[in-house]
Amino acid sequence: MEVYRIDLIIGQGPGARIHPFQLNKFTLVGATTRAGLITAPLRSRFGIVHRLDFYTADDLVEIVRRSAKILGITVDDAGATEIARRSRGTPRVGNRLLRRARDFAEVRARGQVTLEVAREALEMLGVDEHGLDEMDRNLVLTIIQKYAGGPVGLNTIAASLSEEEDAIEEIYEPYLMQLGLLDRTQRGRVATALAYKYFGLDAPRRQPNLF
C-alpha cells in the first residue's frame, strides 16, 4: 500500500519468479463490522480509522421523512417519530417499518400514517416500543426460562431457537447488548437484571463467587 506496487508470483516451485506491477496512486477505503478479523499489519496501514455508531432518533426521523417523500407516503411528524423510535438505530430498519406502516395505512387508514396508525401497524408486526421483535424476545426468554438466566453457550441457544449461530451473534445480540438486556461472559450468554424487568419477572438470587 505504501509503495503502490503488487508483486505477482509467476510459476511454481524453484522456477517461480516475481514480477513487480506498479499501480497508479490510489485511496483505499474499507468497511467492516468485524475489524478483529483483519490482520494487524493491514489494519495499521489505514491512515484514518473511524467507528460508526447507531443513528440517533432525530437523525432517523429525518431519514423516515425523506423516504416517505420518495415513496409518496403521507406521514405526519408524530408517525415519523414513532417509526424512527422503533428502528433500532438503523435506517434500513426504519425504511422497512415505514413501508409496512404504509401498507397498513392504505388498508385501514386512508393511506395516512399517523401516530395511532404507526403504533397499530408496528404492534401487528410484533415490534415493541424498544424496537424488539419476536425473535429478540424469544432469544432472551429462552435464556431466562430454559436456562435459568444463563450462562449458556451460543450453540445451545442456536439449537433451542433453530437459528444459525452467526445470525444470533451478528443480527440479534448487538442490539440486545446495547439495550443492556444481554451480556456475554467467558462462560456464555447471561440475561441481565434489565431483561427480567423488561418481561416483568423477578431476577433470581445468585450466590456470590467463593473465589
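For Thr192, there are no side-chain hydrogen bond (donor to acceptor under 3.5 Å, both in side chains) partners at least two apart in sequence or on another chain. Checked against side-chain hydrogen bond (donor to acceptor under 3.5 Å, both in side chains), Ser160 has the following partners two or more places apart in sequence or in another chain: Tyr147. For Asp77, the salt bridge (Lys or Arg N to Asp or Glu O under 4.0 Å) criterion is met by Arg65, not counting sequence neighbours. Every residue was checked against the side-chain hydrogen bond (donor to acceptor under 3.5 Å, both in side chains) condition with Arg43, not counting sequence neighbours, and none meets it. By the side-chain hydrogen bond (donor to acceptor under 3.5 Å, both in side chains) test, Asp76 is found to be paired with no residue, residues two or more places apart in sequence or in another chain being considered.
Between Asp183 atom CG and Leu194 atom CG the span is 11.0 Å, to the nearest 0.5 Å.
With Arg45 contributing its side chain and Ala40 its backbone, the two residues share no donor-acceptor pair below 3.5 Å.
Atom CD of Gln22 is surrounded by more than 12 heavy atoms from other residues, nucleotides or ligands within 6.0 Å. Within a 6.0 Å radius of CZ in Phe21, other residues, nucleotides and ligands contribute 12 heavy atoms or fewer. More than 12 heavy atoms of other residues, nucleotides or ligands sit less than 6.0 Å from atom CD of Glu62. By the 6.0 Å contact criterion, CD on Gln178 is enclosed, its count of non-hydrogen atoms from other residues, nucleotides or ligands being greater than 12.
Taking every heavy atom of both residues into account, Gln112 and Ala105 meet most closely at O-CB, 3.7 Å. Across Val117 and Ala101, no two heavy atoms sit closer than the pair CG1-O, 4.4 Å. What you find for Ala84 and Ala57 is that their closest heavy atoms are CB-O, 4.0 Å.
In this structure, Ile70 is not a member of the same hydrophobic cluster as Ile63, with clusters built from ILVMFWY side-chain heavy atoms closer than 4.5 Å. No path of Ile, Leu, Val, Met, Phe, Trp and Tyr side chains, each step under 4.5 Å between heavy atoms, connects Met135 with Met124, placing them in separate hydrophobic clusters. No path of Ile, Leu, Val, Met, Phe, Trp and Tyr side chains, each step under 4.5 Å between heavy atoms, connects Ile9 with Val3, placing them in separate hydrophobic clusters. Note on Tyr196: it clusters hydrophobically with Ile157, by side-chain heavy-atom contacts below 4.5 Å among ILVMFWY residues. Leu37 and Val29 are assigned to two separate hydrophobic clusters, defined by single-linkage of ILVMFWY side chains at heavy-atom distances under 4.5 Å.
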Please assess Asn138 against Glu134 for the test side-chain contact (heavy atoms from CB on, under 4.5 Å), listing each intermediate value before the final yes or no. CA-CA 6 Å; Asn138 287 343; Glu134 183 179 359; 3.6 Å; yes
Walk me through whether Leu154 and Thr156 qualify under side-chain contact (heavy atoms from CB on, under 4.5 Å). CA-CA 5 Å; Leu154 176 61; Thr156 302; over 6 Å; no
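Contact check for Val140 versus Leu176: side-chain heavy atoms found under the 4.5 Å cut-off. You'll find the side chain of Leu139 reaches within 4.5 Å of the side chain of Leu161, heavy atoms only. No side-chain heavy atom of Asn24 sits under 4.5 Å from any side-chain heavy atom of Tyr4. By the 4.5 Å heavy-atom criterion applied to side chains, Asp166 and Ile168 are not counted as neighbours. The shortest side-chain heavy-atom distance between Ile18 and Ile10 does not fall under the 4.5 Å cut-off.
Listed by first and then second residue, the salt bridge (Lys or Arg N to Asp or Glu O under 4.0 Å) pairs that reach into residues 172-181 are Glu173-Arg184, Glu173-Arg189, sequence neighbours excluded. Sorted by first then second residue, the side chain to side chain donor-acceptor pair (under 3.5 Å) pairs that include residues 52-61, not counting sequence neighbours, are Thr56-Asp59. For residues 90-121, no pair satisfies ring-ring contact (aromatic ring centres under 6.0 Å, His included), with sequence neighbours left out. Sequence neighbours left out, not one pair with a member in residues 149-180 passes ring-ring contact (aromatic ring centres under 6.0 Å, His included). Applying the salt bridge (Lys or Arg N to Asp or Glu O under 4.0 Å) test to pairs two or more places apart or on separate chains, those with a residue in residues 6-29 are Arg5-Asp7. Legend: salt bridge (Lys or Arg N to Asp or Glu O under 4.0 Å) pairs involving residues 85-95, not counting sequence neighbours, sorted by first then second residue: Glu82-Arg85, Glu82-Arg86, Arg88-Asp136.
Cluster partners of Leu98, by chain and number: Val64, Leu71, Ile73, Val75, Ile83, Val93, Leu97, Val113, Leu122, Leu125, Val127. The rule joins Ile, Leu, Val, Met, Phe, Trp and Tyr whenever side-chain heavy atoms lie under 4.5 Å apart.
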